[in-house]
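Let me begin by presenting the structure, written as structure tokens, before commenting on it.
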There are 2 protein chains.
Amino acid sequence: MSRPTIARVARAAGVSVASVSRVLNGLPATEEMAERVRRAVEELGYVPDARARSLKVGRTFQLTLAVADVGNPVYVTMMRAVEEVVSAAGYRLVVTTTGPDVVDEVALVRGMARGYADGLVISPLRVDDDLIKSIRECDVPVVVAGNVPARAGVDTVRANSPKGMLLAVEHLLAKGRRRIAFVNGPVDTVPGSARAKGFREAMKANELQAVGEVEAADFTFAAGRAAGKELLGESAYEAGSRGDGPAATARLDAVICANDLLAVGIMHELGARGLAVPAEVAVIGMDDSELAEQSFPPLTSVNLGSAERGRRAAELLLARIEDDSRPPRRIVVQPTLSVRSST
Amino acid sequence: MSRPTIARVARAAGVSVASVSRVLNGLPATEEMAERVRRAVEELGYVPDARARSLKVGRTFQLTLAVADVGNPVYVTMMRAVEEVVSAAGYRLVVTTTGPDVVDEVALVRGMARGYADGLVISPLRVDDDLIKSIRECDVPVVVAGNVPARAGVDTVRANSPKGMLLAVEHLLAKGRRRIAFVNGPVDTVPGSARAKGFREAMKANELQAVGEVEAADFTFAAGRAAGKELLGESAYEAGSRGDGPAATARLDAVICANDLLAVGIMHELGARGLAVPAEVAVIGMDDSELAEQSFPPLTSVNLGSAERGRRAAELLLARIEDDSRPPRRIVVQPTLSVRSST
DNA sequence: GTCTGACTTGTAAACGATTACAAGAACGAT
DNA sequence: ATCGTTCTTGTAATCGTTTACAAGTCAGAC
């Protein structure tokens, strides 16, 4: 026998479907009637169909979180925070992954119109007009965890990358480092461009010149290693000149990385060349993800407030679901520095 | 104006709703009619409602992957593999997280009856009769990535932990290590108990006795560190006796860990005590997750085939959706060893 | 010109829930 | 006894699709 429907329950209990629905939704009913319904429900193992319910009531009680790369530990921090807020509000959280291309993100946002969920938190890697348009026109509330132009007219909660960069640079200065290199992710991404700008400003404010700057292919560990090779030179530090010549250390004494995965990749390349962290080269990551704490040496990292951003994003989403007419809010979360052993 | 429905499109195109539906689903229609429909769809920005559609056709074209802890990198490996297979088959993958308690898992499986998705891949941490019952009775196909008894009558794909443990022990032996300790996760979990058993067998087969065995509170990095403290002694290696006395190294020369997070935690504790990896103590992890490659030193890890398990699980799920009457299959994926610098 | 068959399109009944509305029951006040 | 309230329960419409079935159109064969 296939899944029982509310009609079968009603028949079994000898009442109407309306009564079953009422009992199940806690509307007033006599105790005797409620008891009969409950017994029938129990007996048949009835579970209401969410599709039918949401078709009727127009809500799914599900929210979606879309991230670009599940392998990036910054998203687990964010995910945990979002999960906590939305589940406390009685929603299920489902996570989907978009991939790095903006067309996938657009497709996802457009797809929300199909009614999969009551709202979306999206953390887009790349933003273009299409994406902004799709977000504006989306039938369900969307909040962006990241930076999109104000004209998008959408709730956002973003990090303060320039401020974060400043924290990083000043921390290195305080540690006596002045020959600072920068490893960024792709500059055609939202975080990539923000961090490039932030780095330039922070260096300028401190009258420093970067001793190296490379752009990794993406925000992954592998790209970090490749960037490290580029930054440190493929062959300059090979066996026989294992970092003990002046050329090895004179060039740079600190590296700031656009995220923790890149930083860990860089540390591996430094290690491969016999350069000690932090003795010879200090390394700073960004995101302060779980990886920062797990890496060795533990990574000093700019905490861009992923957890708080996740929390605030979830709260904005819930508030907008509550009241769609409220003016869009743009929240900026301030960074802090988590100092560990890599500097 | 609220979301357009198929009826509005039909009116705009001057045709019936049935025709709109047919055109949208690629059923035969005259070119003229198709063109009018497409134009109306375009103009109104119509997107079919997935809830209504799936209510009617009884399928959602969504599949769910449920994992216990998004912070565990083994799941990202698995997630990627599952995603690839199901999206190639035209399904959306949504990921939910259950938490460590079996009651949450049971609730999730029961909840599938609400029709959120057409199938479920679940990787349960803890299994009890309730969970097995809920899986057996689940209205949508379920495949378990992990070990459940055959009587559950469900498709499973699991790792071969004992074989993996054997690989680990024999590798250490080949490296001349004989004083092996074991850091497990909770033994009331599926992987915990499998690995405990595997470790015992592997040690016995090689006529070795464990020099230490501790059970971490869970499979996380923090628990790994705590376990390291317990294993190595809170105070025995403090400053002043930094691993240079015989007591420090004589006790153990290798640690096998039940997963990579625990292994990295252990390496941190070893580092804190000045014990060099691998020179003084070799460390082996399990899962061969991205973290193994990222850790420093890179972690030798038993590859329990997470990617392949994910792939096979997804394939089993698709096959069962295709044909629910096929006999349950129980696939075992064989482990390999990824040797890196920690041993 | 009629009939057959193939093909196109429309009408209306599902899918499984919620809920507006109506009807009936119970009860106290007059 | 009658009336009006209030409370409980049932009937049926509805959400937005898909699809079985019916009806209509058209071409070709006789």
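Below, read A as the first sequence line, B as the second, and so on, with proteins coming before strands; counting in each chain starts at 1.
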Rounded distance (Å) that lies between atom [atom2] of [N] and atom [atom1] of [X]:
| X | N | atom1 | atom2 | answer |
| --- | --- | --- | --- | --- |
| R8(A) | dG16(C) | CZ | P | 9 Å |
| R11(A) | dG16(C) | CZ | P | 12 Å |
| E35(B) | dT8(C) | CD | P | 17 Å |

Between T60(B) and D118(B), is there a side-chain donor-acceptor contact under 3.5 Å, judged purely by atom types and distance?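 The answer is yes; a qualifying pair exists.
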
For E308(B), what residues pass the salt bridge (Lys or Arg N to Asp or Glu O under 4.0 Å) criterion, not counting sequence neighbours?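 By the salt bridge (Lys or Arg N to Asp or Glu O under 4.0 Å) rule, E308(B) matches R312(B).
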
E35(B)/R39(B) salt bridge by N-O under 4.0 Å criterion: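 Salt bridge flag = yes for E35(B) with R39(B).
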
Can you tell whether the side chains of K133(A) and D128(A) come within less than 4.0 Å, N to carboxylate O?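 No.
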
Using every non-hydrogen atom in the two residues, find where [X] and [Y] come nearest and quote the distance to one decimal.
| X | Y | value |
| --- | --- | --- |
| I321(A) | R59(A) | CG2-NH2, 3.7 Å |
| D155(A) | R329(A) | OD1-N, 2.7 Å |
| V17(B) | A7(B) | CG1-CA, 3.7 Å |
| T156(A) | L316(A) | O-CD1, 3.9 Å |

Given that both pair distances must be under 3.5 Å and the pair must be Watson-Crick or G-U, what runs of three or more consecutive pairs involve DNA chain D?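 For DNA chain D the paired stretches long enough to count as stems (3 pairs minimum) are C:1-30 with D:1-30.
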
For nucleotides 9-18 of chain D, 5' to 3', base contacts (B), sugar-phosphate-only contacts (S) and non-contacts (-) with protein non-hydrogen atoms under 4.0 Å give BBBB-BBBBB

